[in-house]
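Inspection log for the structure reproduced underneath, given as structure tokens.
Ligands are counted one by one from 1 in listed order, and the atoms in each one are counted from 1 as well.
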Amino acid sequence: MVSASGKYREIRKALADAGAFDAAFEAREIIREYTGSTPELLDELDEEQIRAVDNAVDRRLGGEPLQYIFGKWEFYGYPFYVGKGVLIPRPETELLVDIAVKQLSEGGRAIDLFSGSGCVPVSIALKTSAQCYAVELYDEAFGYLERNIVLNSAEVTAVKGNAFDGSLLGDMTFDVITANPPYLTSSEMRGIMKELTFEPGTALFGGEDGLDAYRRFIPVWADRVKVGGIMAAETGETQGAAVSAIMSAAGFSVSVIKDHSGMDRVVVGKK
Ligand code: GLN
């Protein structure tokens, strides 16, 4: 047995010494994850809890993201399994869901490309009555997509395929196409934090200028958006103008939506 407050202080210090961005938050989350309580309300940790906490802290000190250590993370208020081979859901991506949900207030049909964990299409399916599809190419990520659909009892059809293949699902058309493609540039990839090296490069790296995926998927899916429908793509904070140009060239009227930090985050093209 060890006192909860003592253990909390010990791991907060270890995380802070290792340069964690918010050691207090991480220390509390780790204690909560493995005890079901918080350091303030808990007296002691038993042997099993200590082992679990210590193991998590060791992995965290090795740079592994907290989300992979817990194996689960929340997005849009829903739980998602995450781990090696799948991008961790980011809070700023919730904006993409907000945009899709607004457009689908009367239902309709939606497809999400580069789905990864499925956080976007699952959230859309749970918030609307739209018929939802999700496209993911890679085996590991596809496994998470399927498990997250089941975990949330969401009605989403998972399609294992390449988002650059514009002939997926025949000539079906959509009210909304969402995408959070890989968009980091070569220079951003060289500077990434240790945590990001645990995530799949295929979900992060978008070529020299970060725009390769947009150049490929936007033209091939443009005709699959119904008149009055939208395509909405998450972008990096400096990519709003460049992605807007690609979408306009594909026949959309375009607007750029900023995230809560005031950065370009989603380019929306209306058909
Ligand atoms: N937003 C992610 C990051 O900065 C990148 C995700 C992506 O490339 N789609 O880590």
Looking at [atom], what's its closest protein heavy atom, distance included?
| atom | value |
| --- | --- |
| atom 4 (O) of ligand 1 | Leu184 CD2, 4.0 Å |
| atom 8 (O) of ligand 1 | Tyr183 N, 3.0 Å |
| atom 9 (N) of ligand 1 | Pro181 O, 2.7 Å |
| atom 3 (C) of ligand 1 | Arg90 NH2, 3.6 Å |

Would you please classify the geometry between the Tyr183 ring and the Tyr214 ring as parallel, tilted or perpendicular, with 30° and 60° separating the classes?
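Aromatic pair Tyr214/Tyr183 classed parallel.
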Enumerated ligand 1 atoms positioned under 4.0 Å from heavy atoms of [X]:
| X | result |
| --- | --- |
| Ala203 | 7 (C), 8 (O), 9 (N) |
| Leu196 | 10 (O) |
| Pro182 | 8 (O) |

Do the side-chain N and O atoms of [X] and [Y] include a donor-acceptor pair separated by under 3.5 angstrom?
| X | Y | answer |
| --- | --- | --- |
| Ser3 | Glu44 | no |
| Asp112 | Thr178 | yes |
| Thr93 | Glu234 | yes |

Flag yes if Tyr144 and Val159 sit in one hydrophobic cluster, no otherwise; membership is Ile, Leu, Val, Met, Phe, Trp, Tyr, and two members link when side-chain heavy atoms are under 4.5 Å apart.
no
Linking Ile, Leu, Val, Met, Phe, Trp and Tyr through side-chain heavy atoms less than 4.5 Å apart, which residues share a cluster with Val120?
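ILVMFWY cluster around Val120 also holds Phe75, Tyr76, Tyr78, Phe80, Leu95, Leu96, Val97, Ile99, Val101, Leu104, Val122, Ile124, Leu126, Phe142, Leu145, Ile149, Val156, Val176, Ile230, Ile257, Val266, Val268.
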Heavy-atom side-chain contact between Arg28 and Glu40 under 4.5 Å
yes
With heavy atoms under 4.0 Å as the rule, classify the contact between Thr93 and ligand 1 as side chain, backbone, both or neither.
neither
Has ligand 1 got any nitrogen or oxygen that is less than 3.5 angstrom from a nitrogen or oxygen of Asn180?
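Yes.
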